[in-house]
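Quick note on labels: first sequence line is chain A, next is B, and so on, each numbered from 1. All values below were derived from every heavy atom in this structure, side-chain atoms included, with hydrogens, water molecules and symmetry-related copies excluded. Worth saying up front: this structure is predicted, and the values here are computed from it rather than measured.
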2 protein chains.
Amino acid sequence: MSSIPSNLTSNATPAAGAGASASGVSPTFSPLYQQIKALITQSLQSGEWKPGELIPSEVELANRFKVSQGTVRKAIDELAAENLVVRRQGKGTFVATHHEERAQFRFLRLMPDAGDPHNADNNILEVKRLRAPAEVARLLDIKSGDSVVFIKRVQSFDGEPIIVEELWLPGVMFKGLTAERLVEYKGPMYGLFETEFGTRMIRATEKIRAVSADEPTAELLKIAVHTPLLSVERVSFTYGDKPVEVRRGLYLTDHHHYQNELS
Amino acid sequence: MSSIPSNLTSNATPAAGAGASASGVSPTFSPLYQQIKALITQSLQSGEWKPGELIPSEVELANRFKVSQGTVRKAIDELAAENLVVRRQGKGTFVATHHEERAQFRFLRLMPDAGDPHNADNNILEVKRLRAPAEVARLLDIKSGDSVVFIKRVQSFDGEPIIVEELWLPGVMFKGLTAERLVEYKGPMYGLFETEFGTRMIRATEKIRAVSADEPTAELLKIAVHTPLLSVERVSFTYGDKPVEVRRGLYLTDHHHYQNELS
DNA sequence: CAGTGGTCTAGACCACTCC
DNA sequence: GAGTGGTCTAGACCACTGG
């Protein structure tokens, strides 16, 4: 508890000369609140505070880091803006989680043209280990030929099959992942990744195209061959902007659409 | 200069009792910085400070509104986060504009699969007035049958036609808009809307689908009929979340993709 | 150099939650 | 009531821009 690795770069503040450090080279050089933010992020990444848990209060963190509450506040403000953390007035600040919260919307943008959001269920078709294809390896920043977990599934909304999806995950990070585990798990897949494998998806990039359904896909979605489909290629990142998932989804958009906000 | 319509709801701050007001009903009831933000937004909307211009400094606004600089700061922080305003250290705070700045990316997400961003040019096919179709009227929040400006155009990147787009704009807000004006104008269309018609697009929502090219579209894009295309339906909003543009684009995604960030 | 936004502090009080 | 995040102030100094 008492060992506080406070290596903050003292940025000429009226605070006392507690800067210390004196380690050979002067490291980075950024605002104090950015350094605090980085320290908090490290604690999140290391699992010191787990998803859903309460993190120390602003005053406690301020004492721990020997800075003012306002500085901690600004750090946490940014973490909250990046969805790493959730503030609740009167209760405290919590580590964000893929469970609970309405945050499914964040990673599934397909909405029904009319009516309420989906009643999704999940049909796992295939789970296997294979050597990473060159393209997948490049996106995951691993060596071509390294082990990856491959998953193929169909998602249905209100009983209608709407999405065919293939995923590739780094083998080393998802050792015990089996089809049974995926099938029996309730709730969003990212929730399983988070609690079972300690990997939280923070952000993702998507490339979207229009393509034509090939025969196997058409069969799975119960549609005609050559029906236009939305192709969504996603790369997801954890802490430290490390890519940990590649995904390719084919969305049937006859009665659904991909919803996006430009803001 | 001296007439300051300060109707701020005094929220029990250590500041002197300058709350005044005493007008019959107690109005809204929100944090001071939100009220400041609303006041600044009004000045932006009214054109008191025009796109690209410098707005008063934080200290001046603090004096004007009789609040501390920190409170003004928080208001402007949010406006900057919403892209209504741009901060430049050492220079001041400027009203955001569709000209200059790299902010084209914000409203055109189509990127080439390889190579640098586009070398776009613009082919206006049609500009005419018509009575708003029911669906367009609903989205623009006007009466069905009200006058709207209809525009159809093709956009080419590096000489290849890639986008066919139809737009509907409220007739009352775009009185003098002619094909000639659109054709001769250089730069992004939103820039013209901003400077010539005083309408700035703040945010937009998009619904994306995969569709099949019909014959006229196929001809314009020089592709085969039934080629899959990305359909992007956009509604854009100005200040006060007022819808002012409906747009339907068909994107050829053989060598381009719609880029999106989930964060 | 003066003026701007950017960082940091210290201390006050409010709104909310839970015991 | 004690503890949390949320708002607000006042004042200091820094980093950057321009004349």
Side-chain angles (χ1 to χ4, degrees), chain A residues 6 8-19 26 28-40 49 53-81 84-96, chain B residues 6 8-19 26 28-40 49 53-81 84-96:
Chain A
S6 181
L8 303 183
T9 310
S10 164
N11 278 0
T13 33
S26 66
T28 50
F29 203 67
S30 59
L32 246 189
Y33 76 89
Q34 289 286 2
Q35 302 177 43
I36 305 292
K37 182 183 167 190
L39 289 174
I40 296 176
W49 309 315
E53 286 182 6
L54 188 65
I55 77 170
S57 74
E58 294 178 356
V59 270
E60 184 180 338
L61 289 172
N63 293 336
R64 182 183 301 193
F65 296 135
K66 305 289 187 201
V67 299
S68 81
Q69 182 182 354
T71 300
V72 171
R73 187 142 239 288
K74 181 144 190 185
I76 294 182
D77 276 345
E78 291 205 353
L79 293 172
L84 296 189
V85 116
V86 177
R87 318 184 84 128
R88 295 195 205 288
Q89 175 167 153
K91 299 171 84 169
T93 301
F94 298 79
V95 183
Chain B
S6 182
L8 305 182
T9 310
S10 163
N11 278 359
T13 32
S26 67
T28 51
F29 203 67
S30 60
L32 245 188
Y33 77 88
Q34 289 286 4
Q35 302 177 43
I36 304 294
K37 183 183 166 189
L39 289 175
I40 296 176
W49 309 315
E53 286 182 8
L54 188 64
I55 77 170
S57 74
E58 295 178 356
V59 270
E60 184 179 339
L61 290 173
N63 293 336
R64 180 182 304 193
F65 297 135
K66 304 289 187 201
V67 298
S68 81
Q69 182 182 353
T71 300
V72 170
R73 188 142 237 288
K74 182 146 191 184
I76 294 182
D77 276 345
E78 292 204 353
L79 293 172
L84 295 191
V85 117
V86 176
R87 293 171 166 289
R88 295 197 204 286
Q89 177 165 156
K91 299 171 83 171
T93 301
F94 297 79
V95 183

(message) Quick check on DNA chain D: between B:V72 and A:K91, whose nearest nucleotide comes earlier from the 5' end?
(response) A:K91

(message) Less than 4.0 angstrom from a charged side-chain N to a carboxylate O is my criterion; do B:E58 and B:R87 meet it?
(response) yes

(message) Rounded to whole Å, how long is the line connecting atom CD of B:Q35 with atom C1' of D:dT7?
(response) 12 Å

(request) Starting at atom CG of B:L61, determine the distance to atom P of C:dT4, rounded to an integer number of angstrom. (result) 11 Å

(message) Side chain of B:Y33, heavy atoms from C-beta onward: which of D:dG6, C:dT9, D:dC8 has the nearest atom to it?
(response) D:dC8

(message) Tell me the interatomic distance from A:R88, atom CZ, to C:dA15, atom P, rounded to whole angstroms.
(response) 21 Å

(message) Using whole Å, what does the distance between atom C1' of nucleotide C:dG3 and atom CD of B:Q69 come to?
(response) 12 Å

(message) In whole Å, I'd like the distance from the NZ atom of B:K74 to the C1' atom of C:dG5.
(response) 18 Å

(request) Apply the test side-chain contact (heavy atoms from CB on, under 4.5 Å) to residues B:L61 and B:I76: give CA-CA distance (whole Å), side-chain angles for both, the deciding distance (0.1 Å), then the verdict. (result) CA-CA 10 Å; B:L61 290 173; B:I76 294 182; 4.1 Å; yes

(message) Distance check needed: D:dA10 C1' versus B:N63 CG, whole Å only.
(response) 13 Å

(request) Please state how far atom CD in B:E58 lies from atom P in C:dT7, giving the value in whole angstrom units. (result) 11 Å

(request) In plain terms, say whether B:E60 and B:R64 are close enough for a salt bridge, that is, a side-chain N and a carboxylate O under 4.0 Å apart. (result) yes

(request) Might you point out which heavy atoms bring B:K37 and B:L79 nearest each other, and give the distance in Å? (result) CG-CD2, 3.7 Å

(request) Could you check how far CD1 of A:I36 sits from P of C:dG6, rounded to whole Å? (result) 20 Å

(request) By nearest nucleotide on DNA chain C, pick out whichever of A:Q34 and A:Q89 is the more 5' one. (result) A:Q34

